[in-house]
Each structure stands twice: as structure tokens, then as C-alpha cells.
2 protein chains.
Amino acid sequence: MSKTTAKRLHRCPVAAFQKLISGKYKLRLLWDLQDGPRRYGELRSGLLRGADGTAQIAPRVLSRELKALAASGLIVRKDYGVVPPKVEYRLTPMGKSFIPVIAEIRKWGARYLGGEQLSMAS
Amino acid sequence: MSKTTAKRLHRCPVAAFQKLISGKYKLRLLWDLQDGPRRYGELRSGLLRGADGTAQIAPRVLSRELKALAASGLIVRKDYGVVPPKVEYRLTPMGKSFIPVIAEIRKWGARYLGGEQLSMAS
DNA sequence: CGGGATCCCGATAGATACTG
DNA sequence: CAGTATCTATCGGGATCCCG
């Protein structure tokens with residue numbers, strides 16, 4: 001956690017994983033980034049599908065989760081420094097390596113939690 | 001959530017998974033149950049390895065996580081009704097089907113979070 | 001032995017308003 | 001557009017004591 005990566009804080013990889021993805025949207029954010037960079041607003045609106053009902057997403061929360069993912073080394077933030085602001089988030093190699101794990105989670109979840117048929121969309 | 005299963009509350013299987021395994025010990029509890037029934041005390045002491053440092057586990061927390069796992073249909077609680085008390089927890093078929101997913105998580109976590117060499121023990 | 005009851009605390013998430 | 005600031009409600013988790 002010295003600078004941008006939080007590693008080896010646990011001796012158990014499962015416990016480490018738990019902490020890494022704790023937060024309501026982290027897994028879905030990673031998943032939604034698998035096809036390339038996305039902007040803040042795209043991610044936010046993407047999260048609205050799949051949430052139960054009329055959930056709005058507090059900008060604080062999304063911002064903090066993105067920061068945490070970046071601090072974990074799973075994504076990077078690219079600020080174009082223009083007006084109006086344009087910021088892109090994309091997966092790091094480590095983040096990309098994590099996508100297959102989420103794919104497994106999705107497959108299991110679709111079978112046992114929802115019965116959705118795993119279309120392309122998140 | 002009517003009785004013992006909490007399903008289809010989300011349209012996104014990833015979001016459903018997030019809620020399902022939220023809680024500090026749920027994944028590890030499931031993992032530790034893969035080889036057969038375990039008693040409350042066995043699970044508790046099993047969790048102490050792999051936690052950072054001198055963490056003790058509040059009985060409230062462990063009890064609540066076990067109840068949640070049972071309510072989700074991943075484990076079952078078997079009370080032998082004897083004195084002194086004896087209670088066993090074991091995986092349901094659904095819970096067993098989840099073990100390979102945790103295995104994937106472990107493999108990824110070992111590679112990117114800890115570098116442990118995935119021995120038999122949890 | 002396997003918890004429940006109670007108290008406490010930090011972290012998390014929502015709502016709202018504001019800004020460079 | 002992409003956040004920050006503030007405030008508040010709720011939750012997760014730890015500590016301690018107790019009981020059948």
C-alpha cells in the first residue's frame with residue numbers, strides 16, 4: 001500500500017481477494033472495462049442496469065471505488081486535462097488477468113442466482 | 001428470501017454474487033467446508049490462520065455469516081441436540097458447485113496478491 | 001460447546017449541493 | 001463532465017459477558 005499497489009497484506013489469497021473487491025460496484029466496474037477504456041459517465045450509467053430498481057449511484061461512492069481499484073493496481077485513470085473534463089479508466093494487465101475470474105463468477109451466478117443466459121452485455 | 005434461499009434479487013449475476021459473499025469470512029468458510037462437515041469451533045480456529053496477526057473472531061460475526069450462508073442455500077446447519085452442544089455445517093450441492101469458483105479466485109489471488117504456492121491447506 | 005445479548009466504533013453508502 | 005464537500009443513516013466487525 002506504499003504507493004499504488006496493495007499486496008501481500010494477507011497470507012490467504014481468498015481473504016486478500018475479499019478485501020480487494022469489497023465494495024458494491026468493484027466487480028462490475030472491472031467487468032464493464034473489459035472491452036476497452038470507459039469514461040466516468042459511461043461507467044455510471046452502465047451500473048444502473050442490473051441494479052435493483054431505482055437505485056441512483058452517489059458520485060462519492062463511484063469515485064471512491066474507482067480510486068480504490070486504481071490504488072490496487074487493477075485499473076488506471078487517464079485524465080485528458082481538457083474542458084469539459086474527459087477522464088478515461090482502463091484495465092491494467094493485472095486487471096485484465098482478473099476478467100476470466102469474473103467470467104467464472106458470472107457463469108456460476110447465472111446458473112445458481114439468476115438464470116440469465118449470459119449474453120454479451122453486462 | 002422468503003425462507004431459506006435468496007435468489008433473483010438482482011438481474012446481474014455479478015451483483016448478486018457480490019451480495020452473496022459480502023462478509024469477511026464467507027468465502028473462506030465455504031472453502032474450509034469443501035472436505036466435509038466441520039464444527040463451529042473448527043471453523044473458527046481455521047479462520048485464525050490466514051488472518052492478519054492477532055485477530056480474534058467475534059462469535060457474533062461468525063454466527064451471522066454462517067446463518068447468512070445457510071439462508072443463501074450454500075450450507076446447512078445440523079444441530080445434534082446434545083450436551084455439550086455439537087453442531088455441524090456442511091455444503092449443499094449448490095455450495096459444492098461454488099468451490100471451483102473459489103479455486104479460481106485462489107489461483108488468481110496467489111499469483112497476483114500473495115505469491116503463495118497453493119498448498120493443500122487453506 | 002455453540003452460540004445470543006449488548007455496547008461500541010470505523011467504514012460504507014445514500015442524498016444533496018457545489019465547482020473547475 | 002467529472003468529480004468534491006458535507007451530512008447522515010446504516011452496516012460490518014470487534015470486545016465482552018453470559019447462558020443452556
Side-chain angles (χ1 to χ4, degrees), chain A residues 1 6 9-10 12 15 18-29 32-33 37-48 50-72 75-90, chain B residues 1 6 10 15 18-29 32-33 37-48 50-72 75-90:
Chain A
M1 201 176 292
L9 292 176
H10 288 78
C12 173
Q18 274 271 22
K19 293 201 67 172
L20 196 72
I21 56 95
S22 80
K24 208 173 178 183
Y25 308 113
K26 292 209 183 83
L27 281 180
R28 299 191 57 212
L29 285 170
D32 290 347
L33 283 171
R38 291 284 181 268
R39 301 181 61 173
Y40 182 92
E42 295 181 291
L43 291 170
R44 174 164 40 79
S45 55
L47 290 175
L48 292 179
D52 21 34
T54 49
Q56 271 292 80
I57 296 169
R60 269 190 74 257
V61 178
L62 181 52
S63 172
R64 189 182 41 197
E65 303 230 326
L66 287 168
K67 276 179 185 168
L69 288 173
S72 302
I75 68 172
V76 286
R77 191 189 111 112
K78 180 168 187 177
D79 191 335
Y80 284 83
V82 296
V83 196
K86 176 178 178 181
V87 180
E88 272 182 1
Y89 295 90
R90 61 179 171 81
Chain B
M1 204 176 291
H10 289 78
Q18 274 270 23
K19 294 200 65 171
L20 196 72
I21 56 96
S22 80
K24 205 172 178 181
Y25 308 114
K26 293 211 184 81
L27 282 180
R28 300 190 57 210
L29 285 169
D32 290 347
L33 283 171
R38 291 284 180 268
R39 302 182 59 173
Y40 183 91
E42 295 181 291
L43 291 170
R44 174 163 41 79
S45 54
L47 291 174
L48 293 179
D52 19 35
T54 49
Q56 272 291 79
I57 296 170
R60 268 190 75 254
V61 179
L62 182 52
S63 172
R64 188 180 44 196
E65 305 229 324
L66 288 168
K67 276 180 185 167
L69 288 173
S72 302
I75 68 172
V76 285
R77 191 189 110 113
K78 181 169 187 178
D79 190 335
Y80 284 81
V82 295
V83 196
K86 175 178 178 181
V87 180
E88 272 183 0
Y89 295 90
R90 60 179 172 81

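Chain letters run A, B, ... following the sequence lines, proteins first, then strands; residues in each count from 1. Values below: every heavy atom of this structure, side chains too, minus hydrogens, waters and symmetry copies.
With rounding to whole Å, K86(B) atom NZ is found 9 Å from dG2(C) atom P. In this structure, the CD atom of Q56(B) is 15 Å from the C1' atom of dC17(D), given to the nearest Å. Straight-line distance from the CG atom of L66(A) to the P atom of dC1(D): 17 Å, rounded to whole Å. When the C1' atom of dG10(C) is taken as reference, atom NZ of K19(A) falls 12 Å away, rounded to whole Å. Atom CG of D79(B) is separated from atom C1' of dC1(C) by 11 Å (rounded to the nearest Å). One atom, CG of L47(A), and another, P of dG3(D), lie 14 Å apart when rounded to the nearest Å. Separating the CZ atom of R28(B) from the P atom of dG13(D) is a distance of 13 Å, rounded to the nearest angstrom. If you measure from atom CD of E88(A) to atom C1' of dG3(D), you get 16 Å, rounded to the nearest angstrom.
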List the steps, then state whether side chain to side chain contact (heavy atoms under 4.5 Å, CB included) holds for L47(B) with R28(B).
CA-CA 7 Å; L47(B) 291 174; R28(B) 300 190 57 210; 3.8 Å; yes

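The side-chain hydrogen bond (donor to acceptor under 3.5 Å, both in side chains) search around E88(B) returns Y80(B), not counting sequence neighbours. Looking at residues two or more places apart in sequence or on another chain, you find no side-chain hydrogen bond (donor to acceptor under 3.5 Å, both in side chains) involving Q18(B). For the side chain to side chain contact (heavy atoms under 4.5 Å, CB included) test, residues two or more places apart in sequence or in another chain that qualify with R60(B) are R64(B). In this structure, the side chain to side chain contact (heavy atoms under 4.5 Å, CB included) partners of R38(A), at least two apart in sequence or on a different chain, are L33(A), D35(A), E42(A), L43(A).
In the set dA2(D), dG14(D), dA13(C), dG14(D) carries the atom at the smallest distance from any side-chain atom of A58(B). Which of dA15(C), dG3(C), dA2(D) sits closest to the side chain of R39(A) comes down to dA2(D).
In this structure, Y40(A) does not reach the dT4(D) phosphate: none of its side-chain N or O atoms is under 4.0 Å from OP1 or OP2. Between dT12(C) and Y25(A), no contact under 4.0 Å exists linking OP1 or OP2 to a side-chain N or O. Under 4.0 angstrom from either OP1 or OP2 of dG4(C) there lies at least one side-chain N or O belonging to K67(B). Contact between the side-chain N/O atoms of R64(A) and the OP1/OP2 oxygens of dA13(C) is found at a separation under 4.0 Å.
Contact annotation for E65(A): backbone-only contact, meaning every heavy-atom pair under 4.0 Å involves sugar-phosphate atoms and none involves a base. Here E42(B) lies out of heavy-atom contact (under 4.0 Å) with every strand. Within 4.0 Å of Y80(A), counting heavy atoms only, lies no atom of the nucleic acid at all.
Axis angle, first five pairs versus last five pairs of the helix from dC1(C)-dG20(D) to dG20(C)-dC1(D): 50°, rounded to 10°.
Counting heavy atoms from C-beta outward, I21(B) and I21(A) have side chains that approach closer than 4.5 Å. Counting only heavy atoms from C-beta outward, the side chains of I75(B) and R90(B) never approach each other to under 4.5 Å.
Each of S63(A) and I57(B) was matched to the nucleotide of DNA chain D holding its nearest heavy atom; the match closer to the 5' end belongs to S63(A).
With rounding to the nearest 0.5 angstrom, the CZ atom of R77(A) is 4.5 Å from the CG atom of D79(A). One finds the OG atom of S22(A) at 8.0 Å from the CD atom of E65(A) (value rounded to the nearest 0.5 Å). Atom CD1 of I57(B) and atom CG of L62(B) lie 6.5 Å apart (nearest 0.5 Å).
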Can you give one letter per nucleotide of nucleotides 5-10 of chain D, going 5' to 3': B for a protein heavy atom under 4.0 Å from the base, S for sugar-phosphate only, - for none?
BB----

